[in-house]
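Keep in mind it's a predicted model, so treat the numbers as computed, not measured. Below, read A as the first sequence line, B as the second, and so on, with proteins coming before strands; counting in each chain starts at 1.
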There are 2 protein chains.
Amino acid sequence: MIKISKLTDYAVVVLTQLSRDHGVHTVAHLAESSGIPAPTVAKLLKPLTAAGLVASHRGTNGGYALNREPERISVAAIITALEGPIAVTECVSDADSLCGVESLCPMRGNWEKINRAVRAALEDVTLADMAAPSPWPLPPATAQATARTETRTGESRG
Amino acid sequence: MIKISKLTDYAVVVLTQLSRDHGVHTVAHLAESSGIPAPTVAKLLKPLTAAGLVASHRGTNGGYALNREPERISVAAIITALEGPIAVTECVSDADSLCGVESLCPMRGNWEKINRAVRAALEDVTLADMAAPSPWPLPPATAQATARTETRTGESRG
DNA sequence: ATAATACCGTACTAAATTAGTACTGTTTAG
DNA sequence: CTAAACAGTACTAATTTAGTACGGTATTAT
C-alpha cells in the first residue's frame, strides 16, 4: 500500500516527544510515555543515532536527546535513517538487485522521476511540522486528489 | 522501504505492453512477452479491469485491451487499483483501523499533508510517460536529493 | 574500586504480508 | 457442442517485518 514501516512510524512519535522536551530521556521513559514497547524504542533509536539525528549518553543519568533542532530534521531524513534511501521501486534502490523482469528496466528513468517527486515531498516536512498541532480535517489545498479521497471522508477516527 | 508491491510493478509492465499495441492480448501472450508468470498476470489484470483501466473480452479470440489512452492513465490510478488508496501511513487509509499508539494520532493531519504530496507526484506521471524511452541517468532537476543519493551512483545495472 | 545505570550489539522467534499456484466455473465463437 | 479465454476462490510458500531475549560495554556515583 506504498506505506512506511511501523517502526518508522514509531520513530516519528518518539522523535516528536524528544522535540517537545529537549532534555535527555531514557529508553524506558520514552517507552512509557509513548506506549511503544521498550525494546522496540531501543531498536529504532539505534539507526537514528547512527544517522546523527539523536545523540546517546551512556551511564547513569544517560539517555537520548535530539542532536539537532526539530526544524532541521526532515521526515525524509527519518525514513532514510531507518529504511535506507527512499525509492518506490527496488530497481533503483540498490545496484546489486536485478529486476528479474528485463522489460521493466527500460523505464527505470521514469521511476526515478517518481522517486524524486516523492523524496521532495518528504524533504519538505520537518519534525517541527509533525510536532505542531495539526488542523483536521485539512483544508483542501491543491485539489488534485483522486475521486477516491471523498469516499472515506467524514468518519475520521484513526 | 516505502515501496510499491511487486504486483504493481508488474502491472505497469503489462500495461506498458498493452499501450504499445492497442489490440486485444491474451493473458498467455502478455505473460510470454513480459516474462511474468501467467497466473500472476491474470491476477493483476483483474483489479485493473475492475478499475476500468483495461477491458476484458471473453470467449475465443478474447483477451485484454487498454480501455483508455495511455496519456489518461496515471501511475496513481494503477497503484490505487491494485493497492487501494495511496497513503504513507495506515492511520489515514481506513477509518476502522485504530493506530494502536494513541500519541501518534494528533499528527494525522501532518501525515495527510505528506500523503497528498506523494499522491500528487504519482498523479503527475502517466502510462504514456512510462512507456516512453527514458534518459538514464536522469538530468539533475531540482537537486533536493539527499546526500545518500550519490553513494550508489555510477554502477547502474538494475 | 565497586556497583548501579543505561546504551550497544547480535541472535532468535513469531506474526503479517505478499507472491505464486491450482482448480472450478462462466462466457463467447465456431 | 466444443474449445478458447476470462472469472473467482482457495490454498501454499516465501519474504518481510515486528517483537523478544540476552550478554557486553561505557559512564557515573558512592
Side-chain angles (χ1 to χ4, degrees), chain A residues 1-11 13-14 18 23-32 34-51 53-65 67 79 82-84 87 89-90 93-94 97 99-101 104, chain B residues 1-11 13-14 18 23-32 34-51 53-65 67 79 82-84 87 89-90 93-94 97 99-101 104:
Chain A
M1 221 190 272
I2 195 172
K3 62 171 196 271
I4 61 174
S5 78
K6 207 185 271 188
L7 207 64
T8 307
D9 209 337
Y10 289 166
V13 176
V14 171
L18 286 175
V24 176
H25 297 261
T26 67
V27 168
H29 172 226
L30 290 169
E32 192 186 5
S34 66
I36 304 166
T40 303
V41 174
K43 194 180 198 173
L44 65 87
L45 279 169
K46 211 168 306 180
L48 252 28
T49 306
L53 268 46
V54 300
S56 68
H57 301 278
R58 313 228 277 198
T60 311
N61 298 327
Y64 289 95
N67 200 21
I79 296 176
L82 269 82
E83 313 190 20
T89 51
E90 271 185 88
S93 63
D94 193 352
S97 65
C99 281
V101 182
L104 200 156
Chain B
M1 220 190 271
I2 197 174
K3 62 171 196 269
I4 60 175
S5 78
K6 208 186 268 188
L7 207 64
T8 307
D9 210 337
Y10 289 166
V13 177
V14 170
L18 286 174
V24 175
H25 299 260
T26 68
V27 167
H29 173 227
L30 290 169
E32 192 185 6
S34 67
I36 304 166
T40 302
V41 174
K43 194 180 197 172
L44 65 88
L45 279 169
K46 211 165 306 177
L48 252 29
T49 306
L53 268 47
V54 302
S56 69
H57 302 277
R58 311 228 281 196
T60 312
N61 298 328
Y64 289 92
N67 202 21
I79 296 177
L82 270 83
E83 313 190 21
T89 50
E90 274 185 87
S93 62
D94 193 352
S97 65
C99 281
V101 183
L104 199 158

Between C:dC8 atom P and A:Leu44 atom CG, what is the distance in whole Å? 12 Å

Partners of A:His25 by side-chain contact (heavy atoms from CB on, under 4.5 Å), sequence neighbours excluded? A:Leu18, A:Asp21, A:His29, A:Leu30

Whole angstroms only, please: what is the CG-C1' distance between B:Leu48 and D:dG8? 17 Å

Whole angstrom value for the distance that separates C1' of D:dG19 from CG of A:Leu7: 10 Å

Summarise protein proximity over nucleotides 22-30 of chain D in one line of letters, 5' to 3': B for base, S for sugar-phosphate only, - for none, counting protein heavy atoms closer than 4.0 Å. ---SSBBS-

Value rounded to 0.5 Å, distance of NE2 in B:His57 from OG1 in B:Thr26: 13.0 Å

Picking from D:dT17, C:dT21, D:dT20, the nucleotide nearest the side-chain atoms of A:Ser5 would be D:dT17

Which side-chain N or O atoms in residues 36-48 of chain B pair as donor and acceptor under 3.5 Å with protein atoms at least two apart or in another chain?
none

If we ignore hydrogens and angles and just use 3.5 Å, is the side chain of B:Glu83 paired with the main-chain N or O of B:Ser5 as donor and acceptor? yes

Could you tell me how far apart B:His57 (NE2) and C:dT27 (C1') are, to the nearest whole angstrom? 13 Å

Rounded to whole Å, NE2 of B:His25 lies from P of D:dA5 at a distance of 13 Å

A:Tyr10 vs D:dA18: side-chain N/O to OP1/OP2 distance below 4.0 Å: no

Ignoring backbone atoms, establish whether A:Ser56 has a side-chain N or O less than 4.0 Å from OP1 or OP2 of C:dC8. yes

C:dA6, D:dT20, C:dT10: which one has an atom nearest the side-chain heavy atoms of A:Lys46? C:dT10

Tell me what A:Leu45 touches on the nucleic acid: a base, only sugar-phosphate, or nothing, going by heavy atoms under 4.0 Å. nothing

Starting at CG of B:Leu82 and ending at C1' of C:dT17, how long is that distance when rounded to a whole Å? 15 Å

Base, sugar-phosphate or nothing for A:Pro39? Non-hydrogen atoms, less than 4.0 Å. base

Whole-Å distance, A:Lys43 NZ to D:dA21 P, equals 13 Å

If I take atom CD1 in residue B:Ile4 and atom C1' in nucleotide D:dT15, what distance separates them, rounded to the nearest angstrom? 17 Å

